[in-house]
Amino acid sequence: MNKLRFYRDDDNAPRAVGNDEENSALAQLLESDIQDDAVTCRELLERIRVIDQADAPLVHTGNSFMLTLTQKNATIGILSLDSDKQFTLDSRTVELALKNWLKFIS
């Protein structure tokens, strides 16, 4: 189950909130690395669609996070010298979040 809430702030920027640590990291990834960029979101979704046929994990490096996806798991790593935290979610949870984010920003 996707535990995210989307909204637009006073500047009309897309925002996301997660209700636990993993979904909060996913929300931050959407806000900082995908932002209002439907093209990037679509490209990432297309790469996820064919992940079952890939020999290696899908890796997406953005502004603040690195997303690594396999057929089963997604790992969100923070790209900060101050943090080595990583969060693991089901890959389908991330895919659903990206689909919902795309609908929200489009």
Side-chain angles (χ1 to χ4, degrees):
M1 181 177 177
N2 205 351
K3 301 173 183 176
L4 297 173
R5 181 177 62 86
F6 303 145
Y7 67 97
R8 293 216 176 244
D9 66 14
D10 293 338
D11 295 324
N12 203 34
R15 300 290 180 206
V17 177
N19 68 350
D20 59 22
E21 199 171 40
E22 290 80 12
N23 282 286
S24 291
L26 179 55
Q28 291 172 14
L29 178 142
L30 294 171
E31 276 190 19
S32 68
D33 292 359
I34 306 296
Q35 302 173 4
D36 229 344
D37 188 351
V39 172
T40 297
C41 196
R42 281 188 195 98
E43 288 173 355
L44 191 51
L45 280 166
E46 179 59 28
R47 291 175 63 200
I48 290 171
R49 189 183 67 76
V50 296
I51 198 166
D52 294 340
Q53 302 161 7
D55 294 332
L58 179 155
V59 178
H60 173 80
T61 303
N63 298 324
S64 303
F65 296 90
M66 178 182 290
L67 175 63
T68 305
L69 286 125
T70 64
Q71 292 177 5
K72 294 184 181 186
N73 294 314
T75 303
I76 300 171
I78 300 172
L79 295 176
S80 167
L81 297 176
D82 299 340
S83 179
D84 60 354
K85 272 191 135 174
Q86 293 189 338
F87 304 92
T88 302
L89 298 110
D90 181 87
S91 288
R92 298 303 161 214
T93 299
V94 173
E95 181 179 21
L96 179 60
L98 285 165
K99 287 178 180 178
N100 289 337
W101 186 254
L102 181 59
K103 286 179 194 173
F104 173 68
I105 62 174
S106 296

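Computation of the quantities below employed the complete heavy-atom set of this structure, encompassing side-chain atoms and omitting hydrogens, waters and symmetry-equivalent molecules.
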Novice: Does any part of the side chain of D36, heavy atoms only, come nearer than 4.5 Å to the side chain of N12, both counted from C-beta?
Specialist: no
Novice: Would you mind reporting whether I78 and F65 have side-chain heavy atoms less than 4.5 Å apart?
Specialist: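 Yes, close enough: below the 4.5 Å cut-off.
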Novice: Check E22 against T88 and note the closest heavy-atom contact, atom names and distance.
Specialist: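 In terms of heavy atoms, the two residues are closest at CG-O, 3.8 Å.
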Novice: Would you confirm whether W101, through its side chain, and A27, through its main-chain N or O, come within 3.5 Å as a donor-acceptor pair?
Specialist: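 No: the side chain of W101 does not pair with the backbone of A27.
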Novice: Counting C-beta onward and ignoring hydrogens, is there a side-chain heavy-atom pair between F6 and I105 closer than 4.5 Å?
Specialist: no
Novice: Does any N or O in the side chain of S91 come within less than 3.5 Å of the main-chain N or O of T70, such that one atom is a donor and the other an acceptor?
Specialist: yes
Novice: For D11, enumerate each residue passing the salt bridge (Lys or Arg N to Asp or Glu O under 4.0 Å) test, keeping only those at least two apart in sequence or located in another chain.
Specialist: none
Novice: With no hydrogens and no angle check, is any side-chain donor or acceptor of D33 less than 3.5 Å from a backbone partner on N63?
Specialist: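 Yes, the answer is positive, given that a donor and an acceptor are paired below the 3.5 Å cut-off.
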Novice: Would you call E95-K99 a salt bridge at under 4.0 Å N-O?
Specialist: yes
Novice: Using a 3.5 Å distance criterion without hydrogens, assess whether the side chain of E31 forms a donor-acceptor pair with backbone atoms of A16.
Specialist: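 The answer is yes, because a donor-acceptor pair under 3.5 Å joins these two groups.
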Novice: Provide the closest heavy-atom pair for L26 versus A97 in the form atom of the first, atom of the second, distance.
Specialist: CD2-CB, 3.6 Å
Novice: Is there a side-chain contact between L30 and L4 in this structure, where contact means two heavy atoms from C-beta onward sitting under 4.5 Å apart?
Specialist: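 Yes, side chains in contact.
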Novice: Tell me whether T68 contacts the main-chain N or O of V59 through its side chain, where contact means a donor paired with an acceptor under 3.5 Å.
Specialist: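 Flag not set: sc T68 to bb V59 has no pair under 3.5 Å.
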Novice: Shortest non-hydrogen contact from F104 to R8?
Specialist: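 What the structure gives for the nearest pair is CZ-CG, 3.7 Å.
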Novice: Verify side-chain contact (heavy atoms from CB on, under 4.5 Å) between R92 and I48, making sure each step is shown before the conclusion.
Specialist: CA-CA 9 Å; R92 298 303 161 214; I48 290 171; 4.1 Å; yes
Novice: Should H60 and L69 count as side-chain neighbours, where that means a heavy-atom distance under 4.5 Å?
Specialist: no
